[in-house]
Novice: 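If you scroll down you'll find the structure; I have some questions about it.
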Amino acid sequence: MNDRFIRIVKILVESFPKLLVQCLKITIPLTVLSFFFGLILALILALVQIANIKGLKQFARFYVWIFRGTPLMLQLFIIFYGLPSFGIYFKGFPAAVIAFSLNLAAYNSEIIRSAIQAVPIGQTEAGYMIGLNYFQVMVRIVLPQAARIAFPPLFSSLIGMTKDTSLASSITVIEMMSVAKRIAAVYYEPFWMYMETGFIYLMICTILTKLQADFEKSLEWKQPDEVKVAMQTVEEDNRNHKFRWLGPGKVK
Amino acid sequence: MLGVKNLHKSFGSNEVLKGIDFNVENGEVIAIIGSSGSGKTTLLRCMAFLEQADDGIYTFDELNKDIRTITRKEIKELRMKMGFVFQSFNLFRNKTAIQNVMEGLVVARKMNSEEARKISLAMLEKVGMADRIDYYPDQLSGGQQQRVAIARALATNPEVILFDEPTSALDPELTGEVLDVMVKLAKEGITMVIVTHEMEFARNVADRIIFMEDGVVVEEGPADEILSNPKKEATKRFLRRILRNEEE
Ligand SMILES: Nc1ncnc2c1ncn2[C@@H]1O[C@H](COP(=O)(O)OP(=O)(O)OP(=O)(O)O)[C@@H](O)[C@H]1O
Ligand SMILES: [Mg+2]
């Protein structure tokens, strides 16, 4: 029993740097690149739908339908194993980036589209009435507000992506999960190996969650220190306002 | 100055405006009254092109055109000469009070931001909001938000400002501060079209009152005459109901 315990600890300690290196070298870059390209594509897909551009809007709907309606693993396989029959070859890593980006774009475009639609139409109308054009209204009024709405679900999608990169091991990409599998096979300690790997994923996601909280705070449209004071004065003002035009009761 | 003739608008099969004739002269203050659903908001929104009217003639200064043939470019130019104050304020939530007021000057009219800031400060001063310029809309009460919205509409020096029930979304104790500001504007000779349910206010500031019902203008005339001495049965009925409500 004691020997087994020491053996496991030794395996874990020895494998930890290997996992971490693979995480830093492959898992994180794969996540960051895929999320970055996926987000840009998602924004384009969402905007052509919002702007109601004929043809492109239908294409975007079709795209979302395809990429949300089929498994991510299948998309990986088609790009890595399927495309070579048409003479298109990708190495494992780029194939994974492409598949993850395309897949993320479908999900994230829906997040962005619904966030834009959640900005009240009155904001747009007010923008038009002070003389802004469509582009100015979008860039200066609607998108900043939509960004705040979209931020939490986009972050969830990023956290999801971090873990989904493990699927890349199925197309020969040696990311953290592949390394874990190998070590587990060598030492016959799958339980502890996978627990350790899970721990590293959990740490990444914990850091991301912390980042999310900080970002969200910075996105608030309030001067943090003054909020309390402001709300107090508002309430005071309301209480102290003596002037009344008519008796009580709105007419309606 | 601004006017429509024979304006028609339907939502699906529901005809909301059934041939409205309406006109406002320079410096005039017009109050539009009428019961809920009579088409007041729709009329205002059609004049600002926030709704697309089905038929009618549109006049603004020297422009006089079939409303269906007005181009997007013309709409943009017309809006540059108009202000609109919404029932629900619609201040830009991602901008402070002063940024809200400056936006139309700096972005739409390419004014340099120093000058724009000066004008915006003056406008916020006028509506009594000079001490809240760096507050975001969420940090302001409804009455304060609406006053900033009025400053935003004023800043671009429009030829006419359209108000859609500017106090209806406010608690009764907050309507006074907004109506105060509007009285001040009326005295300065700013051309205003105001949809309102505040009869006393209408009597005090409006040169002319227009009573709408069921998508038509039933009666119009000098404020006192419409309120004290209405000719049409529908107007009398409406005023009786309103006055009874106010007494309660
Ligand atoms: N976007 C819309 N789609 C469909 N019907 C609409 C729309 N906007 C208004 N209507 C209808 O048009 C009619 C007139 O509405 P409008 O808002 O102009 O009335 P109103 O006189 O402003 O009423 P209130 O005093 O309640 O504000 C109503 O029957 C309403 O249901
Ligand atoms: Mg209305």
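Order of the sequence lines fixes the chain letters, A, B, ..., with proteins taken first and strands second; residue numbering starts at 1 for each chain.
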Novice: Against chain A, work out which of B:Met82, B:Lys95, B:Glu103 has the most heavy-atom pairs shorter than 4.5 Å and name it.
Specialist: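 Heavy-atom pairs under 4.5 Å are most numerous for B:Glu103.
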Novice: Show every donor-acceptor pair shorter than 3.5 Å between a side-chain atom in residues 103-110 of chain A and any protein atom, with sequence neighbours excluded, or say none if there are none.
Specialist:
residue: A:Asn103; atom: ND2; partner: A:Phe67; partner atom: O; Å: 3.3
residue: A:Asn103; atom: ND2; partner: A:Gln75; partner atom: OE1; Å: 2.9
residue: A:Asn108; atom: OD1; partner: A:Ser157; partner atom: OG; Å: 2.8
residue: A:Ser109; atom: OG; partner: A:Ala105; partner atom: O; Å: 3.2
residue: A:Ser109; atom: OG; partner: A:Ala106; partner atom: O; Å: 3.0
residue: A:Glu110; atom: OE1; partner: A:Arg113; partner atom: NH2; Å: 3.0
residue: A:Glu110; atom: OE2; partner: A:Arg61; partner atom: NH1; Å: 2.8
residue: A:Glu110; atom: OE2; partner: A:Arg113; partner atom: NE; Å: 3.2

Novice: Count the heavy atoms of every other residue, nucleotide or ligand shown that sit under 6.0 Å from NZ of B:Lys187, and state whether that count exceeds 12.
Specialist: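 Atom NZ in B:Lys187 is not packed in, count stays at 12 or less.
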Novice: Taking CD in B:Gln52 as the centre, count heavy atoms belonging to other residues, nucleotides or ligands within less than 6.0 Å. Is the count above 12?
Specialist: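 At most 12 heavy atoms, drawn from other residues, nucleotides or ligands, come within 6.0 Å of this atom.
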Novice: As an exercise: rank B:Phe86, B:Phe92, B:Phe89 by heavy-atom pairs under 4.5 Å with chain A and give me the winner.
Specialist: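 Ranked by heavy-atom pairs under 4.5 Å with chain A, first place is B:Phe92.
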Novice: Return yes when atom CZ of A:Phe62 has more than 12 non-hydrogen atoms of other residues, nucleotides or ligands closer than 6.0 Å, and no otherwise.
Specialist: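 Atom CZ in A:Phe62 is not crowded, with 12 or fewer foreign heavy atoms closer than 6.0 Å.
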Novice: Which of residues 127-145 of chain A have a heavy atom under 4.5 Å from any heavy atom of chain B?
Specialist: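 Checking residues 127-145 of chain A against chain B gives A:Gly127, A:Tyr128, A:Met129, A:Ile130, A:Gly131, A:Leu132, A:Asn133, A:Gln136, A:Arg140, A:Ile141, A:Pro144, A:Gln145.
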Novice: Measuring heavy-atom distances to chain A, does B:Arg241 have an atom under 4.5 Å in its side chain, in its backbone, in both, or in neither?
Specialist: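 Neither part; nothing is under 4.5 Å.
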Novice: Against chain A, label B:Leu91 side chain, backbone, both or neither, depending on which of its atoms sit under 4.5 Å from a heavy atom there.
Specialist: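 For B:Leu91, backbone heavy atoms alone lie under 4.5 Å from chain A.
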Novice: Just wondering, are more than 12 heavy atoms of other shown residues or ligands nearer than 6.0 Å to CD in B:Glu125?
Specialist: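 For B:Glu125, atom CD is not crowded (no more than 12 foreign heavy atoms under 6.0 Å).
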Novice: Looking at A:Lys57, I want to see if its NZ is surrounded by more than 12 non-hydrogen atoms of other residues, nucleotides or ligands under 6.0 Å.
Specialist: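 Atom NZ in A:Lys57 is not packed in, count stays at 12 or less.
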Novice: Looking at B:Arg72, B:Met80, B:Lys76, which makes the most heavy-atom pairs under 4.5 Å with chain A?
Specialist: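 That would be B:Lys76.
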